Number of protein chains: 2
Amino acid sequence: MSAETWLTQLHENGYRVTKARGAVVETVVQSKRALTPVEVYDMARKKYRALGLVTVYRTLEKLEELHLVQRVHQAAGCQAFISACQGHQHLLLCQNCGQATFFEGDDVEPLIQSVAKKTGYEIREHWLQLFGLCESCRNN
Amino acid sequence: MSAETWLTQLHENGYRVTKARGAVVETVVQSKRALTPVEVYDMARKKYRALGLVTVYRTLEKLEELHLVQRVHQAAGCQAFISACQGHQHLLLCQNCGQATFFEGDDVEPLIQSVAKKTGYEIREHWLQLFGLCESCRNN
DNA sequence: TTACTTGCAAACGTTTTGCACGATT
DNA sequence: AATCGTGCAAAACGTTTGCAAGTAA
């Protein structure tokens, strides 16, 4: 998905389209890795020098609210964000290069049903992440 | 598992058994919920007043290292810890009362194999958490 | 006795807030 | 013109570190 689409989404939800938001959105859309707010700040400032870190936080907050971005949980912490425009998806992360890949998790449904039955829970959300080595990192 | 077992484990790994560690361990072992360091601190201080927050952090670090405790990732963040004495397990969390239940995730293996095949990844770790309402919270 | 452990205070990095100025609609 | 968004500075927060005193082995 393109940065323009995201900006349109922001606009349609009553938010204004500004240079600062443009730089943040472009940075996150283009990245193949999950980025921390400071990483977004450093990268986006190459596109728009006057950008402030506070604006990065506030923009990421709005993007998360619109489900354009999702949080990535890792051993180091869970302050990293990645583009998530296709709705809820499961993540596969390369422990070497950090590259993130989404995968379909249809197979999770039966597991959820079975756990719900065994435990008496009503399950409302699930969250699955896999970690390993991507093809190109395996070959090095 | 009991607090004594944990303290023995600490001892066998070259760590000393102290009142401070006893209070932290007892608190975490007894809890059915994941606790943040500050929550552990507040609760453990009822058992040992002189306890410092720093010691809680340092003790949780050692317990995590020995795999007696595992980190719980939630929307609010990933600073909560829960007893994890049975090795790697999957968590089911009640969104209302916070109660945590472990469940077997044998069914995850085929999914992992299939993703590995499709993506070319070598998958080394996985991480699955379910969220919902526990039986007693559903009935209220 | 020795080395590990402790609590305190201070440092640190991250995230949030208050505010006057600036920009978008 | 009105409202929303901005960057700055400062505050708040969670976590880590240095250190001298205390404690387990």
Side-chain angles (χ1 to χ4, degrees), chain A residues 3-4 6-28 34-66 69 71-81, chain B residues 3-4 6-28 34-66 69 71-81:
Chain A
E4 283 70 34
W6 285 31
L7 293 173
T8 305
Q9 287 249 18
L10 280 169
H11 191 227
E12 284 171 356
N13 282 273
Y15 297 119
R16 293 185 178 169
V17 174
T18 65
K19 286 179 186 173
R21 286 179 179 164
V24 171
V25 160
E26 235 180 83
T27 301
V28 176
L35 301 175
T36 63
V38 174
E39 285 173 328
V40 173
Y41 174 66
D42 288 338
M43 295 169 72
R45 257 164 62 91
K46 291 179 182 149
K47 302 172 195 288
Y48 178 60
R49 272 283 146 62
L51 180 66
L53 179 57
V54 179
T55 300
V56 173
Y57 276 96
R58 294 195 271 228
T59 303
L60 287 173
E61 193 182 305
K62 281 161 186 63
L63 294 176
E64 194 176 19
E65 188 185 307
L66 300 180
V69 131
R71 221 170 259 272
V72 174
H73 297 244
Q74 288 173 278
C78 41
Q79 67 293 75
F81 294 84
Chain B
E4 283 69 34
W6 285 30
L7 293 173
T8 305
Q9 287 251 17
L10 280 170
H11 192 227
E12 284 172 356
N13 282 274
Y15 297 119
R16 293 186 178 169
V17 174
T18 65
K19 287 179 187 172
R21 286 179 179 163
V24 170
V25 161
E26 236 181 80
T27 302
V28 176
L35 302 174
T36 63
V38 174
E39 285 173 329
V40 173
Y41 174 66
D42 289 337
M43 295 170 70
R45 256 163 63 91
K46 291 180 183 149
K47 302 171 195 288
Y48 178 58
R49 271 284 145 64
L51 179 68
L53 179 57
V54 179
T55 301
V56 173
Y57 276 97
R58 293 194 270 225
T59 304
L60 287 173
E61 194 182 306
K62 281 162 187 62
L63 294 176
E64 194 177 18
E65 188 186 307
L66 301 179
V69 130
R71 221 169 259 270
V72 174
H73 296 245
Q74 288 174 281
C78 43
Q79 66 294 74
F81 293 83

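What you are looking at is a predicted structure, and each value in this text was computed from that prediction instead of being measured. Just so we're on the same page: letters track the sequence lines, and every chain starts at 1.
- For dT6(C), the OP1/OP2 oxygens have a side-chain nitrogen or oxygen of Thr18(B) closer than 4.0 Å.
- A distance of 5.0 Å separates SG in Cys78(B) from NE2 in His73(B), rounded to the nearest 0.5 Å.
- Other residues, nucleotides and ligands contribute only 12 or fewer heavy atoms inside 6.0 Å of the NZ atom of Lys19(A).
- Per the geometry, OH belonging to Tyr57(B) stands 18 Å off P belonging to dC12(C), to the nearest Å.
- In this structure, Glu65(A) CD and Leu60(A) CG are separated by 12.5 Å, a value rounded to the nearest 0.5 Å.
- With rounding to whole Å, Arg16(B) atom CZ is found 10 Å from dA3(C) atom P.
- Which of dG7(D), dA24(D), dT6(C) sits closest to the side chain of Thr55(A) comes down to dG7(D).
- Spacing between atom CD of Gln79(A) and atom P of dT16(C) amounts to 12 Å, rounded to whole angstrom units.
- One atom, CG of Leu10(B), and another, P of dA25(D), lie 11 Å apart when rounded to the nearest Å.
- The NZ-C1' distance, from Lys62(B) to dA24(D), rounds to 15 Å in whole Å.
- Residue contacts shown for Tyr48(A) are limited to sugar-phosphate atoms, with no base heavy atom under 4.0 Å away.
- Computed from coordinates, the Arg49(A) CZ to dT6(D) C1' distance equals 18 Å when rounded to whole Å.
- The listed nucleotides are dT15(C), dC4(D), dT15(D); the one nearest the side chain of Pro37(B) is dT15(D).
- In this structure, of dA25(D), dT15(C), dT17(D), it is dT17(D) that holds the atom nearest to the side chain of Arg58(B).
- Using a 4.0 Å heavy-atom cutoff across all strands shown, Val17(B) reaches sugar-phosphate atoms only and no base atom.
- Residue contacts for Arg21(B): at a heavy-atom cut-off of 4.0 Å it reaches the sugar-phosphate backbone alone, with no base atom in range.
- In this structure, Ala20(A) and Leu51(A) approach most closely via the heavy-atom pair CB-CD1, 3.7 Å.
- Atom CZ of Phe81(A) is separated from atom P of dT15(C) by 8 Å (rounded to the nearest Å).
- Residue Val54(A) places its side chain closer to dT17(C) than to any other of dT6(D), dT15(D), dT17(C).
- When each of Lys19(B) and Glu61(B) is assigned the nucleotide of DNA chain D bearing its nearest heavy atom, the one mapping closer to the 5' terminus is Glu61(B).
- Side-chain contact check for Val28(B) versus Trp6(B): some heavy-atom pair is nearer than 4.5 Å.
- The interatomic distance linking Leu53(B) (CG) with dT16(D) (P) rounds to 10 Å, in whole Å.
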